[in-house]
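Shown next, in C-alpha cells, is the structure this report addresses.
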Amino acid sequence: MAKVKKGDIVGRKSYGKDILFTVEKIIKRKNEQPVAILKGLIIRIEADALLDDLVIIESKQVDGHMRSLEEKLEEKLEKCSKNLKQNSNTFFKRSFLKRETRSEENGKILHLDGDKRYTDKSARYYKKLNLNAIVRNVPESKQEYVVYDLLNRYNPDVLVITGHDGMIKNGTGYNDIYNYRNSKYFINTVREAKKWVNNTGKDLVIFAGACQSYYEALVTAGANFASSPARVLIDFMDPLIVAEKVATTEDYKYITINDIASELRDGTRGISGIGARGKRYTKVKI
C-alpha cells in the first residue's frame with residue numbers, strides 16, 4: 001500500500017470513505033502515530049485522522065468528483081446568467097418606455113477564502129457572472145489581521161469570510177468555541193469587520209463560516225448570514241450563492257434566508273441568518 005503524503009487525495013476508512021480530502025500536512029508526534037490534517041475536496045470541512053485510517057483514492061474516482069463539481073458550477077452559472085440577463089432586459093424595457101437613462105450597478109464583493117483551490121474557483125464564478133468581486137486567499141487564522149485594511153482598500157458592499165471548519169468532537173460541545181477548528185478565527189474576523197462598519201458607517205453585509213461552524217456566535221458577532229445552524233457540512237458554493245444573491249438584489253428589497261435556501265446544499269440547516277437589504281443600485285437620469 002502506498003504511503004500517504006502531503007497533497008494526496010484520501011478517504012477515511014472508519015467513515016466508509018464518504019468524503020474525499022486533500023492531505024494538508026502530516027504532524028509527527030513523539031511516541032505517537034502520525035496525524036494528517038485534512039481539507040475537504042468539495043465541501044468546506046477540516047478534519048484530522050491517523051495515517052492508518054487513510055486510503056489513497058484512485059485518480060478515476062477523484063476525476064469523477066471533480067467533474068461533478070465542475071458540472072454543478074457550470075449549471076449554477078448558466079442559471080444565474082439567465083436570471084441576471086432577464087433582470088437586465090426588464091430594466092431596459094422599463095427605461096425605454098419612460099424615456100429614462102438608467103445605470104445599474106451590482107454590489108461589490110470582497111471574498112476571503114482559506115482554501116487556494118476554492119479561491120480560484122470562486123474568482124471564476126464571480127467573473128462568469130460579471131460581478132464586481134475581489135477574491136483573496138487568506139488562511140483562516142490570518143483573516144482577522146488583514147480584513148480591516150482590505151475593507152478600507154476595496155470598500156465592498158458584501159464581505160464573505162470562509163474556508164474550512166469542523167467540530168473536533170462531532171455531536172457534542174456545541175457551545176464550546178474550542179470544539180471548533182476555525183470558528184474562532186471567523187468570529188474574530190467578523191468583529192474586526194464590524195469595527196470598520198462602525199468607523200465608516202458603511203452598510204456592509206457579512207457572510208461568515210464553513211462546515212459545522214459555530215453559527216450562533218458568528219451571528220452574535222455581527223454576521224448577516226452564517227453557517228452552520230445544524231452543524232452540517234456545506235457545499236463550497238454556498239457562500240458564493242449568498243454573496244451573489246445579495247449583490248444582485250435591488251437595494252429596496254430585504255433578503256431573508258428563505259429567498260436563498262432552495263439553492264443551498266442543505267437549506268436553512270446549513271446556512272441561516274438575520275437577512276439584509278440587497279446591494280444592487282439603480283441610477284436614473286431623465
Side-chain angles (χ1 to χ4, degrees), residues 6-10 19-27 35-49 66 69 73 109-126 133-151 153-154 156 158-168 177-194 196 206-215 217-218 221-228 231-244 264-265 270-271:
K6 179 180 178 180
D8 282 343
I9 307 299
V10 299
I19 299 172
L20 298 191
F21 293 93
T22 300
V23 177
E24 184 71 9
K25 61 182 176 181
I26 296 175
I27 301 174
V35 173
I37 303 300
L38 312 171
K39 290 192 175 182
L41 186 65
I42 295 177
I43 57 177
R44 292 182 174 276
I45 187 171
E46 181 174 317
D48 60 60
M66 296 312 294
L69 178 62
L73 181 59
I109 301 167
L110 173 61
H111 180 133
L112 307 185
D113 204 314
D115 188 292
K116 180 61 168 63
R117 292 172 299 112
Y118 291 176
T119 300
D120 295 339
K121 290 185 181 296
S122 298
R124 177 181 164 222
Y125 178 92
Y126 294 129
I134 298 94
V135 188
R136 293 288 180 266
N137 174 220
V138 183
E140 293 87 349
S141 61
K142 296 181 180 179
Q143 291 174 355
E144 63 185 282
Y145 302 110
V146 302
V147 67
Y148 197 101
D149 288 341
L150 290 174
L151 289 170
R153 183 185 306 175
Y154 297 113
V158 182
L159 173 64
V160 176
I161 303 163
T162 189
H164 291 277
D165 205 354
M167 299 188 71
I168 297 172
I177 188 60
Y178 297 105
N179 194 32
Y180 298 86
R181 297 182 184 277
N182 289 319
S183 286
K184 57 182 175 293
Y185 303 128
F186 296 141
I187 291 166
N188 289 341
T189 306
V190 172
R191 288 172 177 163
E192 288 299 310
K194 293 302 288 186
W196 181 81
I206 302 174
F207 172 92
C211 284
Q212 298 182 328
S213 288
Y214 194 169
Y215 167 78
L218 288 167
N224 299 80
F225 299 95
S227 61
S228 162
R231 304 311 191 265
V232 297
L233 309 180
I234 71 169
D235 192 89
F236 110 90
M237 288 179 60
D238 284 350
L240 314 183
I241 292 170
V242 174
E244 174 257 320
L264 304 173
R265 175 189 166 104
I271 293 173

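Counting begins at 1 with the first residue of the sequence. Note: hydrogens, waters and symmetry copies are ignored here, and every other heavy atom, side chains too, is used. It should be emphasised that the depicted structure is a prediction, and the values quoted were computed from it without experimental measurement.
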Give the C-alpha distance, both sets of side-chain angles, the deciding distance and a yes or no for side chain to side chain contact (heavy atoms under 4.5 Å, CB included) between Ile43 and Ile19. CA-CA 8 Å; Ile43 57 177; Ile19 299 172; 3.7 Å; yes
Non-hydrogen side-chain atoms of [X] and [Y] separated by less than 4.5 Å:
{"X": "Phe236", "Y": "Arg117", "result": "no"}
{"X": "Leu20", "Y": "Val10", "result": "no"}
{"X": "Ile187", "Y": "Ile177", "result": "yes"}
{"X": "Arg136", "Y": "Tyr154", "result": "yes"}

Once rounded to the nearest 0.5 Å, what's the spacing between atom [atom1] of [X] and atom [atom2] of [Y]?
{"X": "Gln143", "Y": "Leu159", "atom1": "CD", "atom2": "CG", "answer": "9.0 Å"}
{"X": "Ser227", "Y": "Asp238", "atom1": "OG", "atom2": "CG", "answer": "8.5 Å"}
{"X": "Ile161", "Y": "Phe186", "atom1": "CD1", "atom2": "CZ", "answer": "8.5 Å"}
{"X": "Thr22", "Y": "Ile37", "atom1": "OG1", "atom2": "CD1", "answer": "13.5 Å"}
{"X": "Asp165", "Y": "Tyr185", "atom1": "CG", "atom2": "OH", "answer": "10.5 Å"}
{"X": "Asn188", "Y": "Glu144", "atom1": "CG", "atom2": "CD", "answer": "4.0 Å"}

Within the 3.5 Å criterion, strictly below it, is a donor on His164 or Asp115 matched to an acceptor on the partner's side chain?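 Side chains of His164 and Asp115: pair found under 3.5 Å.
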Any idea which heavy atoms bring [X] and [Y] closest together, and the distance?
{"X": "Ile45", "Y": "Gly166", "result": "CG1-CA, 4.5 Å"}
{"X": "Val147", "Y": "Ala193", "result": "CG1-N, 4.3 Å"}
{"X": "Gly270", "Y": "Ile234", "result": "O-CG2, 3.7 Å"}
{"X": "Lys184", "Y": "Tyr180", "result": "NZ-O, 4.0 Å"}
{"X": "Leu112", "Y": "Val138", "result": "CD2-CG2, 4.4 Å"}
{"X": "Glu192", "Y": "Tyr148", "result": "O-CD1, 3.7 Å"}

Hey, mind stepping through Tyr214 and Met167 against side chain to side chain contact (heavy atoms under 4.5 Å, CB included) and telling me if it holds? CA-CA 9 Å; Tyr214 194 169; Met167 299 188 71; over 6 Å; no
Backbone of [Y] reached by a side-chain donor or acceptor of [X] within 3.5 Å:
{"X": "Asn182", "Y": "Glu140", "answer": "no"}
{"X": "Asp235", "Y": "Arg265", "answer": "no"}
{"X": "Thr162", "Y": "Gly209", "answer": "yes"}

So, Arg44 and Asp113, do they make that salt bridge, N to O below 4.0 Å? yes
Using a strict cut-off of less than 4.0 Å between a Lys/Arg side-chain nitrogen and an Asp/Glu carboxylate oxygen, indicate whether Arg124 and Asp120 qualify as a salt bridge. no
Could you walk me through whether Leu151 and Leu110 pass the side chain to side chain contact (heavy atoms under 4.5 Å, CB included) check? CA-CA 8 Å; Leu151 289 170; Leu110 173 61; 4.0 Å; yes
Audit row: Ile9, Leu41, side chain to side chain contact (heavy atoms under 4.5 Å, CB included) steps and yes/no: CA-CA 8 Å; Ile9 307 299; Leu41 186 65; 4.0 Å; yes
Are the aromatic rings of Phe225 and Phe207 close, with centres under 6.0 Å apart? no
Qualifying residue for side chain to side chain contact (heavy atoms under 4.5 Å, CB included) with Ile206, from Val160, Val190, Leu218: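 It is Val190, the one option of Val160, Val190, Leu218 that forms the side chain to side chain contact (heavy atoms under 4.5 Å, CB included) with Ile206.
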